[in-house]
Asks: 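One structure follows; several queries about it will come next.
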There are 2 protein chains.
Amino acid sequence: MTTMGDVARLAGVSASTVSHVLNGTRNVNAATRLRVEAAIEEVGYRRNGVARSLAAGRTHTVGLSISALTNPYFGSLVHAVERALSDAGYVLIVGDSHDDVSSEQRVTGSLLDRQVDGMIVAPAAGSERTTLPEITRSQTPMVLIDRGEDVGFDRIVPENFGSAKGLTDHLLDLGHRRIAVVRGLAGISSTIERFDGHCAALAGRGIAVDPTLVVDGESSTDVAEREVRALMSRADRPTALVSLNNAMTIGTLKAIRGLGLSIPQDVAFVCYDDFEWSDLFEPRLTAAAQDVETIGVTAVELLLARIRGSEEPPRHIRVPTTFHHRNSCGCTSAPVRR
Amino acid sequence: MTTMGDVARLAGVSASTVSHVLNGTRNVNAATRLRVEAAIEEVGYRRNGVARSLAAGRTHTVGLSISALTNPYFGSLVHAVERALSDAGYVLIVGDSHDDVSSEQRVTGSLLDRQVDGMIVAPAAGSERTTLPEITRSQTPMVLIDRGEDVGFDRIVPENFGSAKGLTDHLLDLGHRRIAVVRGLAGISSTIERFDGHCAALAGRGIAVDPTLVVDGESSTDVAEREVRALMSRADRPTALVSLNNAMTIGTLKAIRGLGLSIPQDVAFVCYDDFEWSDLFEPRLTAAAQDVETIGVTAVELLLARIRGSEEPPRHIRVPTTFHHRNSCGCTSAPVRR
DNA sequence: ATGAAAGCGCTAACAC
DNA sequence: GTGTTAGCGCTTTCAT
């Protein structure tokens with residue numbers, strides 16, 4: 001490996017001069033600069049980022065801890081975050097917490113060890129008491145995304161309550177009264193807020209929540225499929241169904257299809273989260289779509305501000321969803337409502 | 001920030017002893033170890049991975065350069081790779097090359113600067129002459145995935161030729177003679193091999209390739225949609241269609257639906273790459289599915305072997321696909337064939 | 001406009 | 001079983 005010293009020797013200057021031409025951090029005589037650049041070229045020199053980080057105290061690296069890299073939602077998020085960071089000269093280290101605090105701690109611990117300049121975390125259930133305090137102690141700037149309680153950090157989450165309420169309201173407008181809901185993983189804020197939105201819609205029409213019409217899909221395709229299959233096999237099955245996230249929507253659709261039921265004739269369907277293929281499904285899915293791009297880009301903006309030393313009070317941003325009114329709700333032509 | 005020196009002072013030992021208890025790299029008296037561990041706990045010490053990497057000459061970090069993080073295929077790949085690396089004590093740095101050599105060079109350059117111990121690259125078209133030689137010069141172990149020419153590296157790619165041939169053969173078996181193909185991005189091996197497979201199937205039945213039945217989808221949903229729409233608007237449109245990757249399949253389906261045509265009545269359809277929702281689409285999609293998990297895990301295995309110093313000749317592994325025989329091809333019940 | 005030199009926090013001979 | 005010491009390759013004062 002060739003070092004700055006090699007370059008310096010070849011160019012007949014000191015290492016410090018090489019460093020300065022590389023970083024543009026002080027004036028260098030044009031002729032000297034040329035010599036240095038030629039020497040760099042000649043030996044094929046490439047700076048050692050590790051040594052650089054150690055000396056400078058910054059790594060230009062940001063860590064991202066998310067719960068399930070397989071979920072296309074997080075795929076898009078990683079993409080948005082990577083692009084925004086890359087534009088700012090940072091690189092992204094990703095870790096998957098598998099929605100489990102102990103894996104999460106391994107992941108974030110490793111990021112902390114590597115001296116990331118900041119981190120973006122989609123917290124697993126329970127991390128307020130484990131992972132987050134650890135990050136706080138390390139003084140590493142952090143922003144929370146997707147979910148999480150108010151624990152004194154910047155936080156950027158999708159609008160949950162109103163969007164879920166809107167979904168159920170639409171079903172109510174259509175005359176449904178027995179509406180079942182497929183609820184996400186217990187203990188995370190998005191599950192709670194979306195479920196609350198659903199309940200609020202029912203309450204708005206004076207309908208009590210029927211516990212037999214609430215199924216726990218645990219944010220999992222398989223669990224949702226199993227539970228919905230059981231639910232829809234009952235004689236007193238609901239006339240409409242709302243699924244509260246993308247993974248569970250797939251399970252729900254599989255269950256309905258498996259039972260030979262059709263949407264919306266046998267059961268009306270709406271869901272939180274959109275898919276690239278929502279328009280392709282028959283009938284087209286009525287859904288509340290998150291703006292993942294905005295979530296990712298905003299998270300990076302807030303984080304970079306913190307890294308630059310911002311001492312503003314923590315911000316809490318809610319990114320609105322878009323209601324895609326299609327046909328799975330039972331409407332044929334789709335006037336935009338709400 | 002607290003350092004090893006602080007811990008050493010508090011425990012009344014030398015820094016080197018602290019290092020050794022931390023790394024288990026030499027015997028330490030049980031009592032001393034306990035004192036050190038207590039001291040670590042007390043000051044909330046956490047090792048500085050940057051300094052560690054500089055001194056040790058290894059970063060326990062692997063870089064991944066892929067072409068399009070938004071593609072769910074790569075999402076799954078990142079997931080598999082991350083898990084395999086994490087199990088081996090490595091972390092993953094990801095970069096998106098946007099299928100463009102100059103972005104790719106930025107990405108890989110940045111990974112090299114950061115002294116990754118190895119890298120996994122899904123090369124962009126043209127990188128044999130730019131990015132790859134640069135990585136070679138740096139002596140960083142590398143494995144190629146998804147595509148790429150034979151340029152003396154370990155390489156792990158899906159089986160393309162035979163899988164694509166099988167898709168077209170199936171259509172031919174069903175009696176189709178005017179079969180159109182939606183081809184991927186020019187210049188990458190997967191496009192070429194899959195297209196060759198298609199042509200070989202036709203040739204096998206003595207059918208010449210009709211250039212008007214070959215559309216370039218450029219591996220893009222939007223381009224495929226536009227091109228397929230044009231193709232299927234013609235009076236002499238084909239009776240069957242094969243799409244050669246996932247993004248183009250979505251575009252193709254949108255075009256067909258937009259035209260009010262139905263599968264398989266108006267046109268039979270088969271595709272390379274599977275989706276989580278292939279079973280949900282009506283009709284269910286007949287597809288050749290890549291084994292992304294195996295690709296990712298194998299890539300990591302080969303890479304770690306290189307990092308550990310293996311000097312074996314470069315290996316070239318083809319991971320077989322699975323033929324999912326469903327209904328979009330026009331078959332109603334689906335006996336497995338081939 | 002440039003150089004010398006002191007670290008950054010750790011690992012790994014090498015001594016005892 | 002433990003300490004001393006010399007780096008790893010760079011950045012950054014401080015001189016000149």
Asks: Between C:dT2 and A:Thr17, is there an OP1 or OP2 to side-chain N/O distance shorter than 4.0 Å?
Replies: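 So the side-chain polar atoms of A:Thr17 never come under 4.0 Å of the phosphate oxygens OP1 or OP2 of C:dT2.
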Asks: By side chain to side chain contact (heavy atoms under 4.5 Å, CB included), which residues pair with A:Val21, not counting sequence neighbours?
Replies: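 Testing A:Val21 for side chain to side chain contact (heavy atoms under 4.5 Å, CB included), a comparison that skips the adjacent residues, returns A:Thr17, A:Val28, A:Val36.
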Asks: Enumerate donor-acceptor pairs with a distance under 3.5 Å from any side-chain N or O in residues 70-79 of chain B to protein atoms, sequence neighbours excluded.
Replies:
| from | atom 1 | to | atom 2 | distance (Å) |
| --- | --- | --- | --- | --- |
| B:Asn71 | OD1 | B:Tyr73 | N | 2.8 |
| B:Asn71 | OD1 | B:Asn246 | ND2 | 2.7 |
| B:Asn71 | ND2 | B:Asn246 | OD1 | 3.1 |
| B:Tyr73 | OH | B:Asp146 | OD1 | 3.3 |
| B:Tyr73 | OH | B:Gln290 | OE1 | 3.0 |
| B:Ser76 | OG | B:Pro72 | O | 3.2 |

Asks: Which pairs with one or both residues in residues 47-56 of chain B pass side chain to side chain donor-acceptor pair (under 3.5 Å), sequence neighbours excluded?
Replies: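 Sorted result for residues 47-56 of chain B: B:Asn23-B:Arg47, B:Asn23-B:Arg52.
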Asks: Less than 4.0 Å between a side-chain N and a carboxylate O, is that true for B:Asp113 and B:Arg106?
Replies: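 Here B:Arg106 does not pair with B:Asp113 in a salt bridge, since their nearest N and O are not under 4.0 Å apart.
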Asks: Show me the donor-acceptor pairs, under 3.5 Å and distance only, between side chains in residues 130-144 of chain A and residues at least two apart or in other chains.
Replies:
| from | atom 1 | to | atom 2 | distance (Å) |
| --- | --- | --- | --- | --- |
| A:Thr131 | OG1 | A:Glu104 | OE1 | 2.7 |
| A:Glu134 | OE1 | A:Gln105 | NE2 | 3.0 |
| A:Glu134 | OE2 | B:Arg46 | NH1 | 2.9 |
| A:Thr136 | OG1 | A:Leu132 | O | 2.8 |
| A:Ser138 | OG | A:Ile135 | O | 2.6 |
| A:Ser138 | OG | A:Thr140 | N | 3.3 |
| A:Ser138 | OG | A:Thr140 | OG1 | 2.8 |

Asks: Going by the ring-ring contact (aromatic ring centres under 6.0 Å, His included) test, which pairs reach into residues 111-149 of chain A, not counting sequence neighbours?
Replies: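 Every candidate ring-ring contact (aromatic ring centres under 6.0 Å, His included) pair involving residues 111-149 of chain A fails, so no pair, neighbours aside, qualifies.
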Asks: Classify every nucleotide of nucleotides 6-12 of chain C by which part a protein heavy atom approaches to under 4.0 Å, writing B for the base, S for the sugar-phosphate alone and - for neither, in 5'-to-3' order.
Replies: -BBBBBB
Asks: Go through the structure and list residues passing salt bridge (Lys or Arg N to Asp or Glu O under 4.0 Å) with A:Glu293, not counting sequence neighbours.
Replies: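 Result, salt bridge (Lys or Arg N to Asp or Glu O under 4.0 Å) vs A:Glu293: A:Arg83.
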Asks: Any side chain to side chain donor-acceptor pair (under 3.5 Å) involving residues 87-96 of chain B? Give me the pairs, sequence neighbours left out, ordered by first then second residue.
Replies: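 Qualifying pairs, neighbours excluded: none.
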Asks: Which residue pairs pass the ring-ring contact (aromatic ring centres under 6.0 Å, His included) test with at least one member in residues 94-142 of chain B, sequence neighbours excluded?
Replies: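 Every candidate ring-ring contact (aromatic ring centres under 6.0 Å, His included) pair involving residues 94-142 of chain B fails, so no pair, neighbours aside, qualifies.
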Asks: Is there any ring-ring contact (aromatic ring centres under 6.0 Å, His included) pair reaching into residues 4-49 of chain A, and which pairs are they, with sequence neighbours excluded?
Replies: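 Residue pairs with at least one partner in residues 4-49 of chain A: there are none.
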Asks: Under 4.0 Å from any atom of DNA chain D, heavy atoms only: list the residues of residues 29-37 of chain B that qualify, in numerical order.
Replies: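 Of all residues in residues 29-37 of chain B, the ones placing a heavy atom under 4.0 Å from DNA chain D are B:Asn29, B:Thr32.
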Asks: Without decimals, in angstroms, what is the distance between B:Asn27 CG and D:dG3 P?
Replies: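 Interatomic distance, CG of B:Asn27 to P of D:dG3: 15 Å.
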Asks: What bend angle does the helix from C:dA1-D:dT16 to C:dC16-D:dG1 show across its length, from five-pair end axes and to the nearest 10 degrees?
Replies: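 Here the helix ends are tilted 40° relative to one another.
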Asks: Distance check needed: D:dA15 C1' versus A:Arg26 CZ, whole Å only.
Replies: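 Taking atom C1' of D:dA15 as the reference, CZ of A:Arg26 is at 11 Å.
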